[in-house]
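What you see is a predicted model; the values in this text were computed from it and never measured. The first residue in the sequence is number 1, and the count goes up from there.
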Amino acid sequence: MPLTRRRAAVVVVLTSAALLLAGCVAPVHQVTAPTANPSVQTPPPSAPAGAARFYTQHVAWSSCPKGTQADQCATIEVPLDWAHPEGDTIKLAVARDAATGKDPVGSILVNPGGPGASAIDFLSTVDTIMSVEVRDEYDLVAFDPRGVQRSAPVTCYDGAQMDELTAADFDLSTDAGVQQQTDAWAAFGKACAARTGAVLGHVDTVSSARDMDVVRALVGDPKLNYLGYSYGTKLGATYAALFPTTVGRMVLDSALDPMLDGDQMAAGQAAGFESALRAYATSCLAGSRCPLTGLIDHAMTQIKTLLDKTHTNPLPTSSGRRLTAPLAFSGIAYPLYSQQAWPQLTTALRSALAGDGSVLLALSDAYYDRASDGTYTTNTTEAFSAINCLDLKATTDLAQMRSDAAQIEQAAPTVGEFFAYSGTLCEQWPVPYVGGLSDYSAKGAPPILVIGTTNDPATPYAWAQALAQELSSGVLLTHVGEGHGVYGLGNTCATSAVDNLFLDGTPPKAGTRC
């Protein structure tokens with residue numbers, strides 16, 4: 001399945017050592033407040049009729065429950081269905097960390113991506129990587145989007161069932177194999193519907209973006225200041241399109257193009273991971289302990305041969321579980337999110353090429369948030385599927401899937417097979433497709449900073465270029481390098497650009513490269 005994903009998309013990067021790139025110097029900032037916080041918030045004109053009560057509800061902030069690392073937590077109420085705000089409601093978990101300075105100018109809402117990652121869990125990470133000057137001036141606010149972790153979570157499978165699904169390896173070269181994969185994901189969707197209930201049909205991105213506006217109002221901000229990574233950029237762009245007049249200072253890092261359909265996303269990511277893997281292998285070959293040999297094309301063939309072997313002969317591991325091809329691929333993909341994690345991939349490949357899949361399996365388990373006791377510590381994988389099946393349309397025509405698969409594998413001969421046939425995942429999803437917006441121009445919004453990395457595996461650079469063009473006020477900043485996620489990772493050029501926007505409202509010049 002496409003890997004525009006999860007906590008892995010950002011947290012794996014943000015908890016790694018910082019990547020330092022020279023060439024830019026951080027300026028001295030003069031802080032200017034976005035606007036003063038009013039005492040009463042009202043819905044913007046673009047909010048649905050009948051929604052006023054959600055914008056004026058009382059929020060009871062208190063200390064957070066055990067396991068939540070934030071200063072304060074609360075629960076708010078939003079409509080189950082924004083088309084019918086007078087109907088049933090759901091509760092969303094919200095958390096915040098106070099600004100470190102005495103006179104904060106407002107809040108910054110943060111989201112790590114996914115879809116399906118917990119923004120509340122991410123709060124403690126972004127707290128540590130955000131610049132001191134920004135933390136001095138802003139509260140940090142996070143909410144788990146609908147369907148995620150603490151907010152009316154999507155629930156589908158227990159640990160054993162999830163193990164079976166993530167390890168399943170169907171022969172997609174046969175019609176029977178394609179049908180088996182379709183049936184497996186249909187069973188998963190059926191379980192999601194049975195265990196989740198009505199909310200399963202309302203975890204789409206547009207609904208979550210409308211929830212964001214309620215959060216903005218309830219923390220007392222007339223404008224939404226926002227930092228989103230990966231899928232969080234789609235969430236931010238959707239908010240801007242819905243509420244352009246309430247956009248404040250917005251940063252969309254590792255940007256996703258919200259106009260893509262599921263097939264386009266799968267093809268783009270296949271090429272992105274192929275390119276990132278090739279960059280890794282080139283670096284590995286230059287080292288002294290690389291298990292790969294020869295020139296780069298031979299090294300890539302070695303990885304492909306390893307993956308092919310796990311289709312027919314899954315590798316043994318120290319846990320007693322077998323490393324199937326899908327698990328092997330997840331273990332390879334996970335460290336490609338951060339250049340600092342490449343040594344882990346070298347260790348994993350060295351073991352796997354020697355016949356032991358234990359390290360690759362450990363990386364795959366980390367990708368899926370699987371604990372050593374067989375439980376899954378988050379519902380990220382379940383929410384990821386539920387949100388994508390509402391948001392993204394992909395072809396279910398077998399002939400077209402076969403044609404697309406051939407093109408994907410030509411562009412990404414090492415890993416392309418793991419991105420093909422994505423239409424099978426949602427073909428029998430139990431709730432209707434919702435889709436996104438037809439227009440993301442967000443006319444009337446102030447400058448929105450869009451950041452893309454030239455060899456990002458999960459959100460290819462072309463996606464950031466596209467989003468910056470789609471937004472009427474988009475400003476593109478290019479990070480020349482590897483990995484997924486830029487702000488907070490030590491690149492002084494990109495950090496100063498983001499800090500400038502948050503602290504004095506000044507975006508970088510269009511075309512800035514860091």
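Distance CG/L327 to CG/L360: 9.5 Å, rounded to 0.5 Å. In this structure, OG1 on T375 lies 8.0 Å from CZ on R370, to the nearest 0.5 angstrom. Taking OH from Y487 and CG from D253, the interatomic distance works out to 10.0 Å, rounded to the nearest 0.5 Å.
When ring centroids are compared, Y157 and F188 come within the 6.0 Å threshold. In this structure, the ring of F419 has its center less than 6.0 angstrom from the ring center of F329. For an aromatic pair to be called close, the ring centres must be under 6.0 Å apart, and Y229 with F122 satisfies this.
By the 30° and 60° cut-offs, the orientation of the rings of Y280 relative to W342 is perpendicular.
The backbone N or O of R321 sits less than 3.5 Å from a side-chain atom of S319, completing a donor-acceptor pair. The backbone N or O of D183 lies less than 3.5 Å from no partner atom in the side chain of Q428, so there is not a single donor-acceptor pair.
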I would like to know whether D158 and R195 meet salt bridge (charged side-chain N to carboxylate O under 4.0 Å, His left out); could you show each step before the answer? CA-CA 11 Å; D158 61 22; R195 298 182 184 183; 5.4 Å; no
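Among residue pairs with one or both ends in residues 288-362, those qualifying as disulfide bond (SG atoms under 2.5 Å apart) are C284-C290; sequence neighbours excluded.
Side-chain contact between P316 and D356 is absent, with no heavy atoms from C-beta onward closer than 4.5 Å. Residues V110 and I108 have side chains in contact (heavy-atom distance under 4.5 Å, counting atoms from C-beta outward).
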